[in-house]
Amino acid sequence: MPQTPRRNQEDFYLDVYAVVQCVPPGRVTSYGAIAEFLGSKGAARLVGYAMNALPLYQRNDVPAHRVVNRNGLLTGKHHFGEPNRMQELLEAEGVVVQDDQVQDMDRVFWHPSHHLTDTI
DNA sequence: ATACTGACTAGAA
DNA sequence: CTTCTAGCCAGTA
């Protein structure tokens, strides 16, 4: 997981996908956290854009449903085809979702730099 | 080139 | 508590 500043947009996209792939099942992270980890703090919108540009052939490898906004709101749910698909995927991993919002964010939130010291 | 949009966020009012 | 503002960056019109 590169912690170096953005080199170019293509690598940035790939880095975003790589980070998302590191999110353990049952945990979630935020767009801003990913951006910050990649050295582009404040580029949260770009992370969202990267997810939007996630190629279909990679959707099986990248758990996009584990990325929510910093409040735990499922802001990307409209990109999963069915309205509650994202919630179903999360709940299948044990994440409690209510009103399109992840509950117990403090316990479930996963920060990229904490991947070694995560306590489930 | 400007203007607006969006799977965002932190801080101010 | 809520809503607003200003940043953020790529893509589109």
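Everything numeric here is computed off the predicted structure, so don't read it as measured data.
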Exercise for review: Check A:Leu90, A:Leu74, A:Val23 against A:Val28 for a side chain to side chain contact (heavy atoms under 4.5 Å, CB included) and give me the one that passes.
Suggested key: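 Of all the options given, the one that passes is A:Leu90.
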Practice item. Have a look at A:Val16 and tell me which of A:Val67, A:Ile34, A:Leu54 forms a side chain to side chain contact (heavy atoms under 4.5 Å, CB included) with it. Key: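 Output: one option passes, namely A:Ile34.
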Practice item. Test side chain to side chain contact (heavy atoms under 4.5 Å, CB included) on A:Asn71 and A:Met105 and set out the steps. Key: CA-CA 8 Å; A:Asn71 297 128; A:Met105 267 303 276; over 6 Å; no
Review point. Between the main-chain N or O of A:Ala50 and the side-chain N or O of A:Tyr17, is there a donor-acceptor pair closer than 3.5 Å?
Key: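 Yes; judged by distance alone, with no hydrogens or angles, the pair exists.
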Review point. Given B:dC8, is OP1 or OP2 found less than 4.0 Å from the side-chain N or O atoms of A:Thr75?
Key: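 Yes, such a contact exists.
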Practice item. Compare side-chain N and O positions of A:Ser30 against OP1 and OP2 of B:dC8 and report whether any pair is under 4.0 Å apart. Key: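 For A:Ser30, the contact criterion (side-chain N or O under 4.0 Å from OP1 or OP2 of B:dC8) is not met.
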Whole angstroms only, please: what is the [atom1]-[atom2] distance between [X] and [N]?
{"X": "A:Asp100", "N": "B:dA7", "atom1": "CG", "atom2": "C1'", "answer": "13 Å"}
{"X": "A:Met105", "N": "B:dC8", "atom1": "CE", "atom2": "P", "answer": "13 Å"}
{"X": "A:Met51", "N": "C:dC8", "atom1": "CE", "atom2": "C1'", "answer": "18 Å"}
{"X": "A:Leu54", "N": "B:dG6", "atom1": "CG", "atom2": "C1'", "answer": "16 Å"}
{"X": "A:Tyr13", "N": "C:dG11", "atom1": "OH", "atom2": "C1'", "answer": "8 Å"}
{"X": "A:Lys77", "N": "B:dA7", "atom1": "NZ", "atom2": "P", "answer": "13 Å"}
{"X": "A:Phe12", "N": "C:dG11", "atom1": "CZ", "atom2": "C1'", "answer": "15 Å"}
{"X": "A:Gln58", "N": "B:dA7", "atom1": "CD", "atom2": "P", "answer": "20 Å"}

Name the closest nucleotide to the [X] side chain, picking from [options].
{"X": "A:Arg45", "options": "C:dC9, C:dG7, B:dA7", "answer": "C:dG7"}
{"X": "A:Tyr31", "options": "C:dC8, B:dC8, C:dA10", "answer": "B:dC8"}
{"X": "A:Arg70", "options": "C:dG7, B:dA7, B:dA10", "answer": "B:dA10"}
{"X": "A:Asn69", "options": "C:dG11, B:dA7, B:dT9", "answer": "B:dT9"}

**Study point:** 5' priority, DNA chain B, between A:Tyr49 and A:Asn71 [closest heavy atom]
**Key:**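 The answer here is A:Tyr49.
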Practice item. May I ask you to say what A:Ala35 touches in the nucleic acid, namely base, sugar-phosphate or nothing, with a heavy-atom cut-off under 4.0 Å? Key: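 A:Ala35: no heavy atom of the nucleic acid under 4.0 Å.
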Review point. Taking the same atom, P, in C:dT5 and in B:dC4, what whole-Å distance lies between them?
Key: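 To the nearest whole Å, 15 Å.
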**Study point:** Pairwise P distance, C:dG7 and B:dA7 [rounded to whole Å]
**Key:**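 Those two atoms are separated by 23 Å.
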Check your understanding: Should the heavy atoms of other residues, nucleotides or ligands under 6.0 Å from CZ of A:Arg85 be counted, would the total exceed 12?
Key ->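 Not buried by this count: 12 neighbours or fewer within 6.0 Å.
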